[in-house]
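Values below: all heavy atoms of this structure, side chains included; hydrogens, waters and symmetry mates excluded. Labels below follow one simple rule: chain letters A, B, ... track the order of the sequence lines, proteins then strands, and each chain is numbered from 1.
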Amino acid sequence: MITASVLILLGIGFTSAVILAVASKLLYVYEDPRIAQVENVLAGANCGGCGYPGCAGAAQGVVEGKAGATVCVVGGDAVAEKVAAIMGLEFSSMEKQIAFVDCTGGIRAEEVYRYAGVKDCRAQHMLYNGSKMCPEGCLGFGTCITACQFGAIEMGPNGYPVVDPNLCTACGGCEQVCPRGVITVWGMTARITHLNLETDCLAPCRQRCPGQINIPRYIEQVSRGDYAGALETIRERIPMPLSIGRVCPHPCEGVCRRGRVDEPVGINMIKRFAADWEMNSGTRLPISCAPDTGRKVAVVGGGPAGLSCAFFLRRLGHSPTIFESMPKLGGQLRYGIPEYRLPKAVLDWEIQGILDLGIDVRFEQFFGKDFTLDTLREEGFEAVFLGIGAWMNMNLRIENEDAEGVSTGTEFLTKVGLGVESGTGKKVVVVGGGNTAIDAARTSVRLGADVTLMYRRTRDEMPANMEEIIGAEEEGVKYLFLAAPTRIVKDGDGRVTHIEYIKMELGEPDQSGRRRPIPIEGSETLIEADTVYTAIGQKPELSCLYEDGVCQLEETRWRTLAADPDTLQTAMPHVFTGGDMHTGPALVITALGEGRKAARSIHQYLNGEPPHVDARTQRDMIPYTMFTDVPNVGYRERSEMPHLIECDERACTFGEIEGALSEAQAKRETCRCLRCGLTCYNRDMVDGQECADGDCVKNQ
Amino acid sequence: MDYFVLVIAAIFVNNIVLAQYLGNCPFIGTSKESGVALGMGLAVVFVATLAAVITWCVQEYLLAPNDLDYLQTIAFILVIAALVQFVEMFLKKAIPPLYKSLGIFLPLITTNCAVLGIAIICQREEFGLLQTFLFSMASGVGFMLALVLLAGIRERLDLARVPMAMRGTPLGLVMAGLMSLAFFAFKGMAS
Ligand code: SF4
Ligand code: SF4
């Protein structure tokens with residue numbers, strides 16, 4: 001019996017062993033020994049932050065080439081270096097990533113918890129889709145805090161989470177549990193390439209800014225005296241805070257919530273203050289760039305759009321080369337905006353800072369003549385950004401327009417910008433009502449002329465900035481409203497002597513909502529002029545795109561370059577555009593914003609993905625954020641921009657007119673900011689109470 | 001009809017975990033997320049069926065003719081262990097995606113008393129080969145059902161406010177107990 005038992009058991013065991021031994025030969029699967037090696041050097045936390053089920057999975061991912069040496073979110077550079085060594089890869093330092101809380105709400109937001117029984121953000125979200133008034137804001141139950149294995153998040157004094165950057169390992173645990181997307185783990189690349197989403201915490205000003213600058217954030221940083229931080233925030237969106245601080249017509253201020261209480265926050269003044277602070281300190285703040293990728297991109301046009309595109313491409317690690325047709329960079333900023341608004345020295349300082357990042361420039365290169373899309377390809381440029389601006393002037397289409405002494409406002413401003421003789425006479429008439437017309441008029445005044453500005457509608461309909469219109473008037477520019485030129489009168493030498501205009505009256509509103517001017521029959525009048533500048537609009541010069549009479553890319557019916565409105569990719573996949581060439585004449589900040597958008601798309605293109613944007617991308621103002629009732633905010637006076645030069649002197653000097661705020665003024669102005677979110681804003685403690693400056697603390 | 005009753009009884013009335021109290025450790029251990037529970041459940045269905053069929057053959061052709069029934073437990077363990085190893089190798093080679101998705105659960109089954117229990121019950125009840133096949137598969141399904149149900153409940157409970165000391169396994173055990181009470185309602189409907 002015993003013998004039989006032993007034999008049977010041994011038999012079963014032996015048979016199994018033989019079967020398994022044979023099977024192990026037949027069913028043998030090769031496993032890369034490096035998997036075990038990699039697993040050994042990983043941190044061993046099995047946290048799953050890398051997206052793989054534990055360290056073994058991550059090791060396999062690395063060996064299979066699905067994950068990089070930087071797979072371990074906990075291990076940091078040291079572990080990545082070891083993994084790279086095993087895999088025979090070259091290691092370049094990881095971009096620092098941390099969790100970032102994008103919600104300024106908290107107890108300031110309307111807090112209506114309908115039910116707080118289940119103290120968990122996800123439960124709240126599931127049951128009531130979040131009961132706080134703000135559809136996106138932080139729910140404040142702190143689920144992220146429990147989710148963080150590294151103790152890096154705690155509840156801040158305002159009831160929303162605060163991340164300790166030193167403890168955060170960017171494992172993403174918090175990001176996964178937050179039902180509202182209030183927390184994102186990201187680094188510089190992701191921040192630069194992020195476009196406003198409707199689900200972000202977007203103050204009205206931030207929604208309106210064509211550059212998408214995080215306005216409340218930099219204002220808050222300035223209020224704390226963290227000027228470097230404020231500049232970093234601004235430079236995540238635009239490369240030229242000095243210029244924008246001077247020339248931007250600040251559309252953001254038009255929608256500022258504070259404007260519902262008294263006057264909008266001086267957003268642009270604060271930006272200018274921070275930018276000037278850096279310039280005046282004489283040293284440049286370091287600007288971080290991703291490790292070199294060695295991918296070459298051609299940027300055609302060194303104006304705001306091109307500079308912005310090159311700047312962000314460089315920061316994303318690529319190697320842009322700017323092709324500029326003029327002897328200097330800056331485009332309309334240099335050749336269209338006069339010295340008294342944007343001193344050339346300031347512009348030069350700013351551009352130098354951008355080039356110092358390592359951007360090549362080739363001057364006096366004309367697109368279509370000195371190089372083409374094909375030659376760029378041959379030279380090894382993998383993508384091209386076209387941003388040649390809108391330099392071609394519209395004609396008045398009247399008799400004798402070619403008379404001597406008649407030229408366009410941009411030509412004139414360019415000549416002044418280049419420092420060559422402009423040929424301005426004593427009696428100047430400027431035709432047009434936009435900023436270029438005003439710039440031409442004010443520049444002519446400075447050259448000693450008697451200037452009249454002729455516009456076919458009234459002052460209220462002028463597209464130029466009100467400050468500019470008033471400034472020009474103060475300097476002696478005369479306005480002639482409701483007048484349209486009909487003929488140029490010239491003398492025997494072919495030089496202009498007079499300009500004939502017809503008086504207008506306003507009729508019914510047209511598509512633009514403005515009342516259409518209608519000529520009054522028989523009201524023709526002559527006005528004396530030895531120089532006429534026309535500034536009635538510009539468009540891009542697209543002839544450079546033609547080869548043998550065929551346009552290589554698509555044009556729109558407004559004679560601008562057609563491109564996808566979100567990605568700015570043109571009909572040729574490797575060609576992108578932006579700025580005035582794409583939009584037609586628009587704001588400098590719009591061009592800067594488009595430069596970044598294009599850089600983002602080019603980055604995606606170079607990484608082998610088709611350029612794309614998120615479906616939730618914000619395009620228009622978000623309606624529910626535009627409420628007009630802003631209760632519990634007391635009156636506070638807006639700071640005045642100081643004038644550097646007084647009125648009488650202004651007309652004969654090109655010196656800068658506007659000065660910068662003092663530190664105290666800037667800080668006071670930051671205190672006026674309500675630090676808005678989508679639906680929340682900082683209220684004053686007591687109804688109608690005026691806060692002292694010390695109350696600025698409430699902004700933190 | 002008999003076969004139908006056999007299957008229903010194995011799934012609901014004599015549920016292997018909730019009525020026979022076998023396989024409690026993987027039941028509590030892998031019932032935290034429904035995805036994991038489903039994976040484990042499928043693995044058990046597969047291995048239990050295969051194991052019961054093979055052990056039936058071992059019993060029928062090896063142990064019974066030699067009057068060695070008392071070796072049943074040890075022989076079955078040996079067979080199941082070898083079988084799981086073999087299945088693991090086979091899946092790794094033949095169906096790598098399935099192998100990957102089963103992951104840690106496959107080796108876990110080697111030490112799973114439910115699988116051994118199912119094989120032994122088949123012997124005790126003196127089932128034929130077809131009955132053994134059906135019964136073992138249905139028992140596996142019963143295990144999977146219990147596992148997925150408990151995982152669903154525990155996922156919800158994760159969101160609830162539970163005293164610290166009761167969080168996790170203690171509450172899981174309480175829930176398992178309540179579920180087993182609920183399954184008692186089927187008692188007597190079939191044997
Ligand atoms: S959970 Fe969030 S805050 Fe904590 S370490 Fe991970 S990413 Fe950082
Ligand atoms: S108050 Fe501040 S945050 Fe709010 S809209 Fe104005 S500038 Fe933006």
For B/Tyr70, is the OH atom crowded, meaning more than 12 foreign heavy atoms sit under 6.0 Å from it? yes
Please indicate whether B/Glu126 has more than 12 foreign heavy atoms, meaning atoms of other residues, nucleotides or ligands, lying under 6.0 Å from its CD.
no
Okay, B/Leu63 and chain A: the region with an atom under 4.5 Å from a heavy atom over there is side chain
Determine yes or no for a side-chain-to-main-chain donor-acceptor pair under 3.5 angstrom, with A/Asn607 supplying the side chain and A/Glu609 the backbone.
no
When the 4.5 angstrom heavy-atom criterion is applied to A/Leu20 and chain B, the contacting part is both
Bottom line for A/Thr15: the part with an atom under 4.5 Å from chain B's heavy atoms is neither
For A/Val101 and A/Pro161, the nearest pair of non-hydrogen atoms, with its separation, is CG2-O, 3.4 Å
